[in-house]
Amino acid sequence: MSLLPSDTPVTLMDLEKPPEDDVLLRSLQHLITARRINDQAYALVRQGRLAVYPSSHGQEACQVAAAQVLEPGDWLFPTYRDTVAAVVKGVDPVEALSLLKGDWHCGYDPREHHVAPHTTPLATQLPHAVGVAHAARLRGEPTVAMAICGDGGTSEGDFHEALNFAAVFHAPVVFFVQNNEYAISVPLARQTAAPSLAHKGVGYGIPGQRVDGNDMPALLSVLGAAVERARSGGGPQLIEAHTYRMQAHTNADDASRYRPESDVAAWVDRDPIVRLRSYLTERGVLTDAIEAAFAEEAARVAEHLREGIDQDLKINFQDLFAYVYSTPTTQLEEQAAVVADELSREAAP
């Protein structure tokens, strides 16, 4: 397999055999729900019910595809912007957003759905993904790790260390870079002088590929092939998806300070929902009734999200100590005892 990626991103037109219609219908359902989650989360931030939300509006296809190509036993390593990917993998959206509400560092059990905690520091999850994949390979398990990062993450040392680690140990991991053109306010041209981010794998002996990040059939095909290659012993691969961050970095960011509105407008017609809806309609497999059912399910998820985020966290001070070590250390037990004693004295009449 050539290490060099294609000269242009792979699109539907390049596929010999696109994904089956039923697979793409599930993708559309996920996309419609994902857009509703993004919109609902932004509204919750404005209402003061979430502290912050990094929206994936416009790049939901990357997240849906990344989770959809995985088997239940495969691991997903998301970034802070990948709430949608975690939800598609099975995580409850309320639990997925607990970090951004400020309740927990991770509000779900990573082992339940094989979804690692959201990471706010850039690229720190990538070496972890390689470690999980390498361990699975040593145990003879058919597990693949999907390690996601953004274009800004490729400038971090963890990114390069993870690629080298994966290549040397032939780990079954897929590195998936969502290139949405900006790392907060820093444009891609100030991140790298490489021909593409997919080219960064070459120096480590990892094959790269580029794909249209708003083209769902292409994403499923390219990511699916990389996952199966890793599962069959082919080693790691680096995939770069070309997409665009349609909204600000987070609700605390003012994107108009560093990019013109005309740049954003140029991507409106490339919306992944519009493109997939058009494709399925032309094929005669998407009806008004099916899409209405998808919208109804998305509304149900949004209602569940609103109600769940509205619930106050029931605080148990023991949780401060319960998840530090699998077996508590003596020092940790002593600290827990001190806190318990202080609380009991405060509660005394």
Q. Are Val88 and Leu223 in one and the same hydrophobic cluster, where Ile, Leu, Val, Met, Phe, Trp and Tyr link if side-chain heavy atoms are under 4.5 Å apart?
A.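 Yes, because Val88 and Leu223 connect within a single hydrophobic cluster, where side-chain heavy atoms sit under 4.5 Å apart.
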Q) Can you hop from Val115 to Val94 via hydrophobic side chains spaced under 4.5 Å? A)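 They do not share one cluster, since no chain of ILVMFWY contacts under 4.5 Å joins Val115 to Val94.
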Q) Nearest 0.5 Å, what's the CG-OG1 distance between Leu70 and Thr143? A)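 One finds 10.5 Å between CG of Leu70 and OG1 of Thr143.
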Q: With sequence neighbours left out, write down each residue that passes salt bridge (charged side-chain N to carboxylate O under 4.0 Å, His left out) with Arg275, or none if nothing qualifies.
A: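 Counting only residues at least two positions away or on another chain, Arg275 forms a salt bridge (charged side-chain N to carboxylate O under 4.0 Å, His left out) with Asp212, Asp215.
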Q) Side-chain donor-acceptor pair under 3.5 Å between Thr119 and Gln125, yes or no? A)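 On atom types as modelled, these side chains qualify, holding a pair under 3.5 Å.
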Between [X] and [Y], does at least one N-O distance fall below 4.0 Å, as a salt bridge requires?
X: Arg35; Y: Asp271; result: yes
X: Glu303; Y: Arg300; result: no
X: Asp74; Y: Arg231; result: yes
X: Arg306; Y: Asp310; result: no
X: Asp253; Y: Arg245; result: yes

**Q.** Trp75 and Phe77 aromatic ring geometry - parallel, tilted or perpendicular at 30°/60° bounds
**A.**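 The rings of Phe77 and Trp75 sit tilted, inter-plane angle from 30° to 60°.
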Q: Please work out which of the three classes, parallel, tilted or perpendicular, describes the rings of Tyr244 and Tyr182, given edges at 30° and 60°.
A: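 Plane angle over 60°, so perpendicular.
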Taking only distance into account, with no hydrogens and no angle test, what donor-acceptor pairs under 3.5 Å do side-chain atoms of residues 158-173 form with protein atoms, sequence neighbours excluded?
unit_1 : atom_1 : unit_2 : atom_2 : d
His160 : ND1    : Tyr204 : OH     : 2.9
His160 : NE2    : Thr154 : O      : 3.0
His170 : NE2    : Gly233 : O      : 2.8

